[in-house]
Amino acid sequence: QVQLVESGGGLVQAGASLRLSCAASGRSFSNYAMGWFRQAPGKEREFVTSRSGGGVTDYADAVRGRLTISRDNAKNTVYLQMNSLKHEDTAVYFCAAGGAHYSGTYYPTYWGQGTQVTVSS
């Protein structure tokens, strides 16, 4: 059974940094895409970033230059380094893995339970 477990969320002030982690178990995703989505209160879930098994990365325009995705395939883990956080980054962040991944489009198969990130202004 595949499980994705996020950690690292919390409450920070605007301008601060956070690092989210997502550890996958149940199968290896080294040859498959992994990524992050987020859902703010009252809004639909939206794409944040993804990294293919081959190392190609995509970012939403709203986070490009501030958030960075990385992977440790040996640990089956994906990370999201979040710098210069803004109030509008407040959301539940979901880890995602597997599924269909094309340039600019990602439809994951597996999802984590989410971790809350709150940025005070």
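Computation of the quantities below employed the complete heavy-atom set of this structure, encompassing side-chain atoms and omitting hydrogens, waters and symmetry-equivalent molecules.
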Side-chain donor/acceptor of [X] to backbone N/O of [Y], under 3.5 Å:
{"X": "Asn76", "Y": "Arg27", "value": "yes"}
{"X": "Asp89", "Y": "Lys86", "value": "yes"}
{"X": "Arg71", "Y": "Thr77", "value": "no"}
{"X": "Thr105", "Y": "Tyr102", "value": "no"}
{"X": "Asp72", "Y": "Lys75", "value": "yes"}

First locate atom OG of Ser121, then atom CD of Gln13, and finally report the distance between them rounded to the nearest 0.5 Å.
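So the OG of Ser121 and the CD of Gln13 are separated by 10.0 Å.
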Quick one: hydrophobic cluster around Val119, which other residues, with the 4.5 Å side-chain cut-off, linked directly or via members?
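For the cluster that includes Val119, the remaining residues are Val2, Leu4, Val12, Leu18, Leu20, Phe29, Tyr32, Met34, Trp36, Val48, Tyr59, Val63, Leu67, Ile69, Val78, Leu80, Met82, Leu85, Tyr93, Tyr110, Val117.
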If you link I, L, V, M, F, W and Y whenever their side-chain heavy atoms are under 4.5 Å apart, who else ends up in the same group as Val5?
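Val5 shares its hydrophobic cluster with no other residue.
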What pairs of residues pass the disulfide bond (SG atoms under 2.5 Å apart) test when at least one of them lies in residues 32-121, not counting sequence neighbours?
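For residues 32-121: Cys22-Cys95.
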Going by side-chain hydrogen bond (donor to acceptor under 3.5 Å, both in side chains), name the residues that satisfy it together with [X], two or more places apart in sequence or in a different chain.
{"X": "Thr118", "result": "Gln116"}
{"X": "Ser28", "result": "Ser30"}
{"X": "Asp61", "result": "Arg64"}
{"X": "Gln81", "result": "Asn83"}

Cut-off 3.5 Å, side chains only: do Ser50 and His101 have a donor facing an acceptor?
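Ser50 vs His101: donor-acceptor pair found between side chains.
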Assign the ring pair Phe37 / Tyr106 to parallel, tilted or perpendicular, where the plane angle (0 to 90°) is split at 30° and 60°.
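If you compare the ring of Phe37 with that of Tyr106, the planes turn out tilted.
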Which heavy atom in Gln113 sits nearest to a heavy atom in Glu6, and how many Å separate them?
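Closest approach of Gln113 to Glu6, heavy atoms only: OE1-OE1, 2.8 Å.
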Considering all heavy atoms of both residues, which atom of Tyr79 and which atom of Ser21 are nearest to each other, and what is their separation?
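Shortest heavy-atom separation between Tyr79 and Ser21 comes out as CD2-OG, 3.3 Å.
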My understanding is that only residues two or more places apart in sequence, or in another chain, count here; which of them pass salt bridge (Lys or Arg N to Asp or Glu O under 4.0 Å) with [X]?
{"X": "Glu46", "result": "Arg38"}
{"X": "Arg45", "result": "none"}
{"X": "Arg19", "result": "none"}

According to ring pair (Phe, Tyr, Trp, His ring centres under 6.0 Å), does anything in residues 6-25 pair up with another residue at least two apart or in another chain? List the pairs.
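Found none.
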With sequence neighbours excluded, what pairs up with Ser84 under the side chain to side chain contact (heavy atoms under 4.5 Å, CB included) test?
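Result, side chain to side chain contact (heavy atoms under 4.5 Å, CB included) vs Ser84: Arg66.
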